[in-house]
Student: 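Next up is a structure, given as C-alpha cells.
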Amino acid sequence: MPLSRRSLLSTLPAATLSATALPLRARAAGPPATAGGTAAAGAVRAAHTRLIDNTVALFAGTRDSNARPEVRAKLASIAATARSRLTAMDRAGPGELFRGIALGTSDPNLATSFQYLYEIALATRTPAGGAPSGLEGDTGVQRRVIDGLAWLHEHYYGDQSTGYYGNWFTWEIGISTHVSRVLALLAGELAAYRPGLAATYVASMDAYLRNGRDGDVDLDSRFHTGANLADITTNRILQGAVLGDDARITKALADQLTVLATIDPYHLRHGVTDGFYADGSFIQHASVAYTGSYGKGLLTRLVQTIEMLDGTGHTRDDRMVRVAQGWVRDGFAPLIFEGWLMEIVKGRGVSRTATGYADAAEVVEAVVGLSAHATGADATALKGYVAHLRTSTATLDPSGFVSPVSIARYADILADPSVPAGDLGPAERHVAFNAMDRTVHRRPGYAFALARSSSRISKYEYMNGENLMPWFQGDGAHHLYLSGQDQAQAFGVDHLTVVPPHRLAGVTAPEETRRTVPQLYGTLWYDNPERGFTSSSEAQNTYVYFPRGTHPFSGGAALGAYGVAGLVQSDDVAYAAKRAGDLPEDFVAYRNAEATKSWFLFDDEIVVLAAGVGDRAGRAVTTTVDTRIAAPSDTLALTGRLRGGAPWSGTGTAPLAWLRYANATRAASVGYVFLDGPRPTVTLDTVTRSRRAVRLANPDTPVTKQLFAVTVERAAGAPPTSMAYALVPNATDRRLRGYAHRQPLTVLTNTTRVQAVIHRDLRITALNAFTPGVHRAGPLSVRGPGSVILRETRDGAVAIAVSDPTTERDTVPVVIRGRAMRAVAADDGVRVTRVPGGTRITVTTRHAYGRSFTATLR
C-alpha cells in the first residue's frame, strides 16, 4: 500500500527522525578526519559495500550465474513469485498489505507480509538470465516495497507496546530475517528514497530482542543459542552493513563465532547445551536431537555468513570453514542415506510434508557453498560428497536452492571429471551419537536409525501444533532404510500419518487412547500462567514440548563398523512430576510401559533383545518388531516357517521361526528371525488417514497405504516377558532358512540385569549390563552398568570397546576370562592388567559422556 513521504514522516518519532534523516552513506562517513583516518573510514565503507554486494549476489545471483541455463528455472520462480505477491498487494483489503493476509492479531500473517515484501524486493535485484523478468532494477516496484515496509511499521510493527504477541521467534528472528534482507537488497534505493527508514527498523528490531540484553544478543539467554543465535547474529551483521555500523558487525560476528565451539557438557559456556558435540551429535532446545532441522539451519546460516563476509576483512582465517566441514563430515553425512536425511533428528519437523530429500538438499547447498571456500583436499572431498549424493538419488532438484550462485556451482561440480564422487565416511560404519541418544548403522544395502531417550535427552518434541502424537518416538523407535528405494514411499510424513503412534517400529507401548495437546487443552500448549505455564516458558518446555525420560541408561559401544546399544525405557519427567504432586490437577501426563532393550548391530542382522516387557498398571502392551508401508497397488507377500519347520504365509499369530516381508513392486524385502519369546502377530491392513492428523498446518490430504506390522501382543494383566529377534534387511528365503541350519546367532542371556549375544560367524560377543553388581556372559564379566563389544580376529588378537551408557560412572571394569593378554594398543583412559583366570580392562569413563574406549589385546 503506497505511502507519501509526508505521511510516512508524520508517523515516525521525532527523535528517530533527527538521528536518521541523513542519507545512509553520508551518515556512515562520520566527521572529518585526517588523511589516514579518511583512508580507514573509506576501507570500512568499502567493506560494508562489499558485504551488501555479497548478500545481493547470495540471494539474487550474479550476471554470470544467472546467464547459466541451469539457473533459468530458479529465475523464473523468483519472478513468478514476485508477480504473484504484487497482484496480492494490488488486491489487498482493509487491514491487509496482501490479499488474504489479515493483520492485527496473527504474528504468522505479519511475518508472511514481510516475507512477501522480501520476495518482491529480491526479484528487483535479480540480474536477468536468458528471459528478463521485467522487474530487475524497477525503482517503482522497489519503492512499493519500501512504502509497504513503512506502512507495516506504522500500523503493526513500530509500536512495541502492542507487538510481540504469539511466538517469540516471529519477533526476534522471523520478521527480522525478512526485513534485514530487504534492507540489504534495497540499500541504495532506501538511502535515496527514505533515508531514515532503515535506522528506524533496526531500532525496532533491537527493541523486539526482548530475550536479549539492551537490544542486543544475550549469550546467557536460553533463546539465544545454537541455530537461533546464528539467525539473530546474521541479521545483525546485515543491519550493521546497511547502517554503516562496524561495531554492530564486529559484535554480531563475535557472538556468532561462539556457536563454533564444541559443546563440553562438563564445562558449559553460558550454560548452553545447544550445538555440536564431539561425537557429531547436535542438540537444540537444550535436549532435542535436532541435526535434521535446527542443525541444518545452523549450517546454512554459517555458510551464508562466510559468503557474506568474503573479502570484507572481517574474517582473517578459515576457522569457520574448517568447523563447518567437520559438522558435515561427522554430524550430517552419517545421517544422509542415498540422499535422504533421516527422521530421527528432526524433532517436530518430522510431521511436515517436506521430505527427507528436500531436507538433504538444504545440506547439499550448504556443502556446495562451503566447497567454494575450502582449499586443496578439503574442497575436493566436499565436492566429491556433493557428487556422491547426486549419484545416489535422482530426486534432488537444485532449482530449490536458495541461491542462484549455488545452482551454477552445483552444475560445475557435477560436470567436473576431476571430482571423484565419494561419501565422507565408509559404506560400512556404525555411528553412536550418544550425546543425543541416537544410533546409525550403515551397510551398502541398508541403513538402520535408532532413536533413544534418557534423563538427558527428550523422548520427542511437540510444539505449535506440529508432531501431534509423538509420545513413543524416542522409546527405541527405528527406521530401516533399504537401498535403492524411494524413501518418500516408505517413510516421511505418510509413514507417520498411517502408523498408529503406539505401533511405531521398535516400540513397546501400552494399549490406550491418548489425546493430543490441542485436544486436551483447547490451545497449542498448556496455558496456566499462575503455575508458570505460558507458550514459551521453561515449564512448558520441560513438561509439554520436549520432556526428557527419567532413567540414565541410554547408549552403547562402537567397535569399528559394529556396535551395541541399550535403553531402559522410562516414564517421562511430566508423569514423574505429576505423580509426585508437583503439577496442577488439570495437567494430563501419561504413564509408559516397561522394557529393557538392547540392539546388537552386525553386517546382515540387527539383533534385538527385550526383557521385563510389561506394565505395572495392568494395561495390555504391544511390542512392535517392525512396521512398513506400501502403496495400495504394490504387490506384497508374507511368507515364513514355523518353529516346527512347516511353511507359513499370510497374517495371524503363530510360533514363527522366521518371516519374510517382500514388496515385489519395489523389489524390497526384510526378514525377521524369531530367536525366542512369545508368538508374534502379523497384520496387513489398508489404512487411510489425513496428514493433518499429525500436524495442524498440514493440508487435509487423505493418505491411503498398505500397513504391514509384526508385533508381540501382551494381554492386560499378563506378567512381564522377554523376547529376542533379528531384523534381516534385504533377506531372501534361502538366507532366512540358513539361520535355523547354521545358527550363527546365540542369545547368551536376556534379563533386565544383562543382555548378551554371540555372533559366531563374526566372532563377536556383545553385552549390555544395566544394574549394579557383577554380570557374566560368555567370556565377559562386567561390574555395574556398561556396554561391551568384543571381537576375536583370525590372527589371535582381541579387540574390545567399552562405554558407560549412563554417563554417571567414573570407571567401568571388564574381565575377559581365559588366557592372560597384554595391550597392543589402547585409548587413553584404558588400563589392562592380568588377573587370575583372565585379563582385566579398566576404563576411566568419567566425563566421557558415553563415548567408547577401545583396546587391542594379544
Student: Please step through side-chain contact (heavy atoms from CB on, under 4.5 Å) for the pair His502 and Val507, ending with a clear verdict.
Tutor: CA-CA 7 Å; His502 67 292; Val507 163; 5.8 Å; no
Student: Kindly indicate whether the side chain of Ile336, heavy atoms from C-beta on, has any atom under 4.5 Å from the side chain of Met342.
Tutor: no
Student: Do Thr439 and Trp599 make a side-chain contact, defined as non-hydrogen atoms from C-beta onward lying under 4.5 Å apart?
Tutor: no
Student: If I take atom OH from residue Tyr543 and atom OG from residue Ser537, how far apart are they, to the nearest 0.5 angstrom?
Tutor: 10.5 Å
Student: Under a 3.5 Å distance rule, please check whether His441 uses its side chain to pair with a backbone N or O of Phe602 as donor and acceptor.
Tutor: yes
Student: Does a salt bridge link Asp279 with Arg851, judged by any charged N lying under 4.0 Å from a carboxylate O?
Tutor: no
Student: Charged N to carboxylate O under 4.0 angstrom, Asp359 versus Lys296?
Tutor: yes
Student: Are Leu780 and Val814 packed together at the side-chain level, in the sense that at least one heavy-atom pair is separated by less than 4.5 angstrom?
Tutor: yes
Student: Could you grab the distance from atom CZ of Arg322 to atom CG of Leu260, nearest 0.5 Å is fine?
Tutor: 9.5 Å
Student: Minimum heavy-atom separation for Ser781 to Val774, with atom names?
Tutor: OG-CG1, 3.4 Å
Student: Does the ring center of Phe332 lie less than 6.0 Å from the ring center of Trp327?
Tutor: no
Student: Can you spot which of Ser281, Ser453, Ser287, Ser454 makes a side-chain hydrogen bond (donor to acceptor under 3.5 Å, both in side chains) with Asp437?
Tutor: Ser454
Student: For Arg301 and Asp231: C-alpha separation, side-chain torsions, deciding distance, then whether salt bridge (charged side-chain N to carboxylate O under 4.0 Å, His left out) applies.
Tutor: CA-CA 7 Å; Arg301 207 64 68 233; Asp231 285 335; 2.6 Å; yes
Student: Is any side-chain N of the basic residue among Arg858 and Asp795 closer than 4.0 Å to the acidic one's carboxylate O?
Tutor: yes
Student: Less than 4.5 Å apart, side chain to side chain, heavy atoms only: is that true for Ser852 and Ser803?
Tutor: yes
Student: Check whether any side-chain heavy atom of Leu675 lies under 4.5 Å from a side-chain heavy atom of Tyr725, and answer yes or no.
Tutor: no
Student: Parallel under 30°, tilted from 30 to 60°, perpendicular over 60°: which one fits the rings of His285 and Tyr290?
Tutor: perpendicular
Student: For Arg269, look at atom CZ and say whether over 12 heavy atoms of other residues, nucleotides or ligands are found less than 6.0 Å away.
Tutor: no
Student: Taking the six-membered ring for Trp, are Tyr481 and Phe337 parallel (under 30°), tilted (30 to 60°) or perpendicular (over 60°)?
Tutor: tilted
Student: Does atom CZ (Arg591) have a neighbourhood of more than 12 heavy atoms from anything else shown, all under 6.0 Å?
Tutor: yes
Student: If only atom types and distance count, is the side chain of Tyr277 paired as donor or acceptor with the main-chain N or O of Thr273 below 3.5 Å?
Tutor: yes
Student: Any chance the side chains of Asp571 and Thr550 put a donor and an acceptor closer than 3.5 Å?
Tutor: no
Student: Looking at every non-hydrogen atom in both residues, tell me the closest pair between Val747 and Leu609 and how far apart they are.
Tutor: CG1-CD2, 3.9 Å
Student: Is a side-chain donor or acceptor of Arg213 paired with a backbone partner of Leu219 at a separation under 3.5 angstrom?
Tutor: no
Student: Could you tell me whether Asp423 and Arg329 make a salt bridge, using a distance below 4.0 angstrom between a side-chain N and a carboxylate O?
Tutor: no
Student: So Tyr446 and Leu480, side-chain contact (heavy atoms from CB on, under 4.5 Å) or not? Walk me through it.
Tutor: CA-CA 7 Å; Tyr446 71 90; Leu480 177 56; 3.8 Å; yes
Student: Is the shortest heavy-atom distance from the side chain of Arg791 to the side chain of Leu559 under 4.5 Å?
Tutor: yes
Student: Rounded to the nearest 0.5 Å, what separates atom CG in Asp572 from atom OH in Tyr460?
Tutor: 5.0 Å
Student: Asn750 and Gln755: side-chain donor and acceptor closer than 3.5 Å?
Tutor: yes
Student: Donor-acceptor pair, distance only, cut-off 3.5 Å: does the side chain of Thr234 make one with the backbone of Thr305?
Tutor: no
Student: To the nearest 0.5 angstrom, please state how far the NE2 atom of His551 sits from the CZ atom of Phe770.
Tutor: 9.5 Å
Student: To the closest 0.5 Å, what do you measure between OH (Tyr545) and CD (Glu538)?
Tutor: 13.0 Å
Student: What's the separation between atom CZ in Phe553 and atom OG in Ser787, rounded to the nearest 0.5 Å?
Tutor: 4.5 Å
Student: Side chains of Asp255 and Leu257, heavy atoms from C-beta outward: is any pair under 4.5 Å?
Tutor: no
Student: After noting the C-alpha distance and the side-chain angles of His224 and Asp218, does the key distance pass the side chain to side chain donor-acceptor pair (under 3.5 Å) rule?
Tutor: CA-CA 6 Å; His224 294 186; Asp218 180 5; over 6 Å; no
Student: Using modelled atom types and a 3.5 Å cut-off, is there a donor and acceptor pairing between side-chain atoms of Asp810 and backbone atoms of Arg846?
Tutor: no
Student: May I ask you to check whether over 12 heavy atoms, not counting those of Arg222, lie within 6.0 Å of atom CZ?
Tutor: yes
Student: For a ring pair (Phe, Tyr, Trp, His ring centres under 6.0 Å) check, start with the C-alpha distance between Phe600 and Tyr562, then their side-chain angles and the critical distance, and finish with the verdict.
Tutor: CA-CA 8 Å; Phe600 303 91; Tyr562 302 99; over 10 Å; no
Student: Could you report the tightest heavy-atom contact between Asn768 and Ser598, atom names first, then the distance?
Tutor: ND2-OG, 2.8 Å
Student: Would you say the side-chain atoms of Arg442 pair up with the backbone N or O of His430, donor to acceptor, closer than 3.5 Å?
Tutor: no
Student: Determine, stepwise, if the pair Thr315 / Met320 fulfils side-chain contact (heavy atoms from CB on, under 4.5 Å).
Tutor: CA-CA 9 Å; Thr315 55; Met320 297 172 75; 3.8 Å; yes
Student: If you take all heavy atoms of Gly331 and Phe433, which pair is closest and at what distance?
Tutor: O-CZ, 4.1 Å
Student: Which pair of non-hydrogen atoms, one from Gly226 and one from Leu298, has the smallest distance, and what is that distance?
Tutor: O-CD1, 4.0 Å
Student: Has the side chain of Gln256 got a donor or acceptor atom that lies under 3.5 Å from a matching backbone atom of Leu229?
Tutor: no
Student: Considering the options Val625, Asp676, Val613, which one meets the side-chain contact (heavy atoms from CB on, under 4.5 Å) requirement together with Met723?
Tutor: Val613
Student: Begin with the C-alpha distance, continue with both residues' side-chain angles, and end with the deciding distance and a verdict on side chain to side chain donor-acceptor pair (under 3.5 Å) for Lys251 and Thr233.
Tutor: CA-CA 9 Å; Lys251 170 64 163 55; Thr233 52; over 6 Å; no
Student: The test is salt bridge (charged side-chain N to carboxylate O under 4.0 Å, His left out); show your working for Arg443 and Asp603 and say whether it passes.
Tutor: CA-CA 7 Å; Arg443 292 297 184 267; Asp603 288 326; 2.8 Å; yes
Student: Taking the side chain from Lys346 and the backbone from Leu341, do they hold a donor-acceptor pair closer than 3.5 Å?
Tutor: yes
Student: side-chain contact (heavy atoms from CB on, under 4.5 Å) between Thr225 and Tyr294: does it pass, once the steps are laid out?
Tutor: CA-CA 11 Å; Thr225 63; Tyr294 279 88; over 6 Å; no
Student: Between the main-chain N or O of Thr596 and the side-chain N or O of Gln569, is there a donor-acceptor pair closer than 3.5 Å?
Tutor: no
Student: Is a side-chain N or O of His775 found less than 3.5 angstrom from the main chain of Thr771, in a donor-acceptor match?
Tutor: yes
Student: Classify the ring geometry between His847 and Tyr266 as parallel (under 30°), tilted (30 to 60°) or perpendicular (over 60°).
Tutor: parallel
Student: Measure the shortest side-chain to side-chain distance between Arg819 and Thr839 over non-hydrogen atoms and say whether it is less than 4.5 angstrom.
Tutor: no
